[in-house]
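In listed order, ligands and their atoms are each counted from 1. None of these values were measured; they are calculated from a predicted model.
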Amino acid sequence: MTVIVEKFGGTSVGNVERINAVADHLMDKHAAGEQLVVVVSAMSGETNRLIDLANQISESPSHREMDVLLSTGEQVTIALLSLALHKRGNDARSYTGGQVSIRTDNVHSRARIQNIDSARIVRDLEQGRIVVVAGFQGVDEEGNITTLGRGGSDTTAVAMAAALNAQECRIYTDVDGIYTTDPRIVPKARRLTQITAEEMLELSSLGAKVLQTRSVEFANKYRVPLRVLSSFEAGEGTLITYEDESTSMEAPLISGIAFQRDEAKLTIRGIPDHPGVAHKVLGPISDAHVNVDVILQNASEKGFTDLTFTVPRSDYPVCKKVLDSLVDELDAKDTRGDDTIAKLSLVGVGMRSHSGVANLMFKTLADNNINIQMISTSEIKISVIIAEAELEHAVAALHQAFELEK
Ligand code: ADP
Ligand code: ASP
Ligand code: MG
């Protein structure tokens, strides 16, 4: 029994014509002997449309009700795709996350999958059915509908593949694989035939939304054979590999460039430099449920220091308020903020065994007159914070400097 999980994203099921094309594709695979579990997203634009409706009614809609609302998008596409398969002669069955027991924790809007009961799916497969499952959704212990965070259908697909011990998980999307950077921004970007899970994890978490970060974490944990391909044209796509350290010696210096536009930067200046400053500033930010990303504390000058950090842009207003309220309490000078910044990151396991990456990166940005505001590094990545207006220019310049088009 060759179980394959195939996932189709929003654009791939964006209208009736596309749904029919996906059904044709699935019938071909089924005829070739594959037992298929298909995970689908909502039609492109639908999740955003639903969010917009909720925002017209409430400024702070309840997360629980948002999950009930957003999960409807995927319920539409599973039914339509199943109808298209019926018309082609397969007795397909559609299932919501709850119906196939995709059990999650109870953190609405970013729930984590804990368990999948695959018995019902296996029974259908054995009867020759194509099984169509709603992506992005599950249910918690009490039966409340949960969702897995934006882009979460990728994670449903990978988790499903792990639960069914599938031979492969194929993520079909609107580009024909994983590129050296977003091909919509750099037309010269090159498709990679393969990429290590470790690098893909960094690229995703640093902004490349082609795969949801959690799906790569899941794939890595359970070693799920994972491939990203186009639903519009035939091709090999990109394979995620699970190589060990030894092979990374010959790896290219840089595999890809990721970026995130929706960032903001805050600074509190002139704080008397005592032990505990970072805790006193970042504690209240964390209490406001904001995830801080890059942090920079200046070397103390005459007993005073500045602390700068970045947060998601949507959290900027609340963080600015928190920071302003700390000025008196900490006897600081003032606060500054900028919500027009972006983060750009170079990723590559080759960095481990080569030096000079940071140097070429900084030189390229300097030659292009792009100011670096903050820097953060780890073993296989270097990130810089720059003005959002300069992002595309910077990505293109670095893509060329590191010869990624070759
Ligand atoms: P889907 O709706 O199929 O889930 P997404 O929009 O979530 O598709 O992800 C695909 C998009 O990811 C592409 O259209 C592309 O613009 C973007 N993307 C960002 N970085 C990369 C990259 N390195 N390689 C390929 N695509 C990327
Ligand atoms: N429909 C959801 C979203 O737009 C989930 C997904 O497409 O993966 O984020
Ligand atoms: Mg996606």
Side-chain angles (χ1 to χ4, degrees), residues 6-15 18 22 38-52 66-67 69-78 97 102 109-111 113 133-138 146-160 170-195 199-216 227-232 235 237-238 240 254-261 344-348 391-392 395 398-399 404-405:
E6 298 206 332
K7 178 255 172 180
F8 294 85
T11 333
S12 307
V13 291
N15 54 42
R18 292 303 311 156
V22 168
V38 189
V39 173
V40 286
S41 291
M43 291 168 142
S44 59
E46 179 63 6
T47 309
N48 287 341
R49 187 184 74 87
L50 295 168
I51 292 174
D52 187 52
M66 282 308 283
D67 282 356
L69 177 66
L70 297 193
S71 65
T72 63
E74 273 71 10
Q75 193 166 334
V76 170
T77 43
I78 54 170
I102 301 181
S109 84
R110 50 191 169 90
I113 295 178
V133 177
F136 176 58
Q137 57 179 262
T146 55
T147 64
L148 312 179
R150 297 307 302 269
S153 298
D154 297 332
T155 302
T156 306
V158 174
M160 198 55 92
R170 304 178 187 140
I171 306 286
Y172 287 90
T173 183
D174 55 6
V175 286
D176 65 347
I178 293 157
Y179 277 71
T180 47
T181 192
D182 191 338
R184 295 186 198 287
I185 301 300
V186 179
K188 277 190 184 161
R190 182 173 48 86
R191 182 174 58 84
L192 303 164
T193 50
Q194 57 178 57
I195 184 167
E199 288 169 314
M200 193 60 230
L201 201 53
E202 289 284 354
L203 285 177
S204 295
S205 64
L206 294 166
K209 69 164 184 168
V210 57
L211 285 176
Q212 196 197 32
T213 308
R214 219 165 262 174
S215 73
V216 189
R227 194 181 282 280
V228 175
L229 328 99
S230 165
S231 67
F232 292 80
T238 303
I240 314 298
I254 300 297
S255 291
I257 306 176
F259 49 84
Q260 240 155 350
R261 295 174 187 281
L344 183 166
S345 310
L346 298 185
V347 172
L391 179 64
E392 293 191 15
V395 176
L398 289 166
H399 199 273
L404 291 180
E405 71 280 5

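A heavy-atom distance below 4.5 Å is not found between the side chains of K7 and V158.
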Steps toward salt bridge (Lys or Arg N to Asp or Glu O under 4.0 Å) verdict (R190, E405): CA-CA 5 Å; R190 182 173 48 86; E405 71 280 5; over 6 Å; no
For the pair V13 and R18, evaluate side chain to side chain contact (heavy atoms under 4.5 Å, CB included) and give the outcome as yes or no after the intermediate values. CA-CA 5 Å; V13 291; R18 292 303 311 156; 5.6 Å; no
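Checked by atom type, the side-chain pair D67/T146 shows no donor-acceptor distance below 3.5 Å. Checking S153 against S41 by side-chain atom types alone, a donor-acceptor pair falls below 3.5 Å.
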Pairs under 3.5 Å, N/O atoms on ligand 2 and on the protein: can you put them in a table with the distances?
| residue | atom | partner | partner atom | Å |
| --- | --- | --- | --- | --- |
| ligand 2 | 1 (N) | T47 | OG1 | 2.8 |
| ligand 2 | 1 (N) | E74 | OE2 | 2.7 |
| ligand 2 | 4 (O) | T47 | OG1 | 3.3 |
| ligand 2 | 4 (O) | R150 | NH2 | 2.9 |
| ligand 2 | 7 (O) | S41 | OG | 3.0 |
| ligand 2 | 8 (O) | G152 | N | 3.4 |
| ligand 2 | 8 (O) | S153 | N | 3.0 |
| ligand 2 | 8 (O) | S153 | OG | 3.1 |
| ligand 2 | 9 (O) | R150 | NE | 2.7 |
| ligand 2 | 9 (O) | G151 | N | 2.9 |

Run through all N or O atoms in ligand 1 and write down each protein N or O closer than 3.5 Å, as a pair with its distance.
| residue | atom | partner | partner atom | Å |
| --- | --- | --- | --- | --- |
| ligand 1 | 2 (O) | G10 | N | 3.2 |
| ligand 1 | 3 (O) | T173 | OG1 | 2.6 |
| ligand 1 | 4 (O) | K7 | NZ | 3.1 |
| ligand 1 | 6 (O) | K209 | NZ | 3.3 |
| ligand 1 | 8 (O) | T173 | OG1 | 3.1 |
| ligand 1 | 14 (O) | D174 | OD1 | 2.8 |
| ligand 1 | 14 (O) | R184 | NE | 2.9 |
| ligand 1 | 14 (O) | R184 | NH2 | 2.8 |
| ligand 1 | 16 (O) | D182 | OD1 | 2.8 |
| ligand 1 | 16 (O) | D182 | OD2 | 3.3 |
| ligand 1 | 16 (O) | R184 | NE | 3.0 |
| ligand 1 | 23 (N) | Y179 | O | 3.0 |
| ligand 1 | 24 (N) | Y179 | N | 2.9 |

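With respect to E392 and R184, no salt bridge is recorded, no charged nitrogen being found less than 4.0 Å from a carboxylate O.
The backbone N or O of S215 lies less than 3.5 Å from a partner atom in the side chain of T155, making a donor-acceptor pair.
For the pair T181 and I257, the tightest heavy-atom approach, listed with the atom from each and the gap, is OG1-O, 2.8 Å.
Counted within 6.0 Å of CZ on R227, heavy atoms from surrounding residues, nucleotides or ligands total more than 12; the atom is thus considered enclosed.
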